[in-house]
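As the structure lists them, so they are numbered: ligands from 1, and atoms in each ligand from 1. For this chain, numbers begin at 1 and follow the sequence in order. Here the structure is a predicted model, which is why all the values come from computation and not from measurement.
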Amino acid sequence: MKVGDGSRVSAWYDIWNDVGPLSSFLTPRTISNAGFRLDAKVKDIHENGSWIWPTAWRDTYPVLIQLDHFTLNPDMRDEMYWKDGSELLQYSSSNVCHSIRVREPDVNWVKIVWFHQCIPKHAFLMWLIVRRKLLTQDIILQWDSSRRKNMNMMCCVLCFAHIDSHNHLFFECKYSSHVWDNVRHKAGMSDVKASWGDIMDWLLVRVRSKTAATFVSKLLVATVAYFIWQERNARLFRNQTRPPDTICGLIVETMRFKLMGVKFKDCVRTRRLLEDWGIGGANVIDDGG
Ligand SMILES: [Zn+2]
């Protein structure tokens, strides 16, 4: 803490001087016996330019002599800082987070998953897929038999032909590939097969591109993945079934609503792209990143 008027800094427990928290050598009993409250602030123990603690403390704890010339500044608020190595940062949760987290170089797929104007819940699922973190049946089957109980009857609830896995659901499954094949042309991905590897490779080549077309393809892949995973879970846990064409309709509708709310830079290509989605030129005015 940097002391200003001393009204917010705990006299005993905060670190506000080079000596460290005074509680490191003053016990609660010592503090109370001298007539101070344990929740006293710095301003409560400093009057008329000097400390009001017993003079005997200076003999018992000579380290306090270092604080003799301390002054309060009534016109300044107390301020909290975060010490990052030798550097003092203004205290904020983001500064603290950046200071203590482990930083790694960006992974090459970061912009495929997280990008400006993405749909957050879709992006989150994309992240789980890329990290292979969804609890698919192939992963459950690796559990020991006591944990998976009667799961030997498992199969993909979309096609009933295989067990489900990341690669199967996205989008090798007959159901998923039907959905993918029906919507991929809307993002200029007509020749990209229904395989997660192929789709990622295709996107990785374009990862630095800031065109509206790349934005639409990233958005589409995430949206398709989201609705496939949602359908899989609806069948598995709620016994609700929708045909693939209904899912295609939902994907297109979700994409359209999203694209209607995004501002794009005006150019012929973007206009044409949006027209393919049935959207007029009204929102083609600004930078969509
Ligand atoms: Zn399947």
Side-chain angles (χ1 to χ4, degrees), residues 107-109 112-114 118-207 216-258 277:
V107 286
N108 62 352
W109 45 260
I112 296 177
V113 173
W114 312 106
C118 65
I119 299 174
K121 62 183 177 181
H122 296 185
F124 183 68
L125 182 78
M126 278 294 282
W127 182 57
L128 294 175
I129 297 171
V130 171
R131 304 286 317 275
R132 293 291 192 260
K133 293 291 184 190
L134 296 176
L135 202 52
T136 45
Q137 293 167 349
D138 58 325
I139 293 171
I140 292 172
L141 282 171
Q142 290 165 13
W143 296 356
D144 62 69
S145 50
S146 62
R147 279 178 72 202
R148 59 185 153 96
K149 301 210 168 66
N150 54 359
M151 291 176 183
N152 294 323
M153 306 286 289
M154 279 190 300
C155 71
C156 168
V157 285
L158 300 177
C159 69
F160 305 102
H162 300 270
I163 57 160
D164 73 28
S165 65
H166 284 79
N167 281 349
H168 179 78
L169 286 169
F170 313 108
F171 303 103
E172 290 166 13
C173 172
K174 204 172 141 223
Y175 181 103
S176 314
S177 59
H178 179 93
V179 172
W180 175 250
D181 291 349
N182 274 283
V183 294
R184 59 182 176 174
H185 66 278
K186 294 193 77 80
M189 299 177 79
S190 299
D191 50 356
V192 186
K193 283 196 300 248
S195 126
W196 191 252
D198 286 8
I199 290 170
M200 287 305 272
D201 287 346
W202 192 91
L203 288 175
L204 278 171
V205 173
R206 293 156 177 83
V207 74
V216 169
S217 30
K218 292 193 289 189
L219 204 61
L220 181 75
V221 172
T223 307
V224 176
Y226 180 83
F227 279 100
I228 293 289
W229 182 244
Q230 195 193 54
E231 177 63 16
R232 181 256 195 198
N233 289 336
R235 290 177 178 219
L236 208 51
F237 303 117
R238 282 187 279 133
N239 230 0
Q240 289 172 1
T241 306
R242 293 170 295 185
D245 292 338
T246 305
I247 300 299
C248 293
L250 284 170
I251 291 168
V252 172
E253 188 179 292
T254 306
M255 289 285 294
R256 281 196 70 226
F257 282 139
K258 178 69 198 179
W277 287 91

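- To the nearest 0.5 angstrom, H166 atom NE2 is 12.5 Å from E172 atom CD.
- Summarising the geometry of R184 relative to V192, their closest heavy-atom pair is NH1-O, 2.9 Å, with the distance given to 0.1 Å.
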Ignoring hydrogens and angles, write down the donor-acceptor pairs under 3.5 Å from the side chains of residues 245-256, residues two or more places apart or on other chains.
residue : atom : partner : partner atom : Å
D245    : OD1  : H178    : NE2          : 3.2
T254    : OG1  : L250    : O            : 2.7
R256    : NE   : W277    : O            : 2.8
R256    : NH2  : G278    : O            : 3.1

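- For the Zn ion (ligand 1), the nearby protein N/O/S atoms, meaning those under 2.8 Å, are C156 SG, C159 SG, H168 NE2, C173 SG.
- When the side chain to side chain contact (heavy atoms under 4.5 Å, CB included) test is applied to A234, the partners found at least two apart in sequence or on another chain are R238, Q240.
- Distance OG/S190 to CG/D181: 10.0 Å, rounded to 0.5 Å.
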Distance-only criterion, 3.5 Å: show the donor-acceptor pairs between side-chain atoms of residues 122-140 and protein atoms not counting sequence neighbours.
residue : atom : partner : partner atom : Å
H122    : ND1  : T223    : OG1          : 3.4
R132    : NH1  : I129    : O            : 3.2
R132    : NH2  : N167    : OD1          : 2.7
T136    : OG1  : D138    : OD1          : 2.5
Q137    : OE1  : D164    : N            : 2.8
Q137    : NE2  : C155    : O            : 3.0

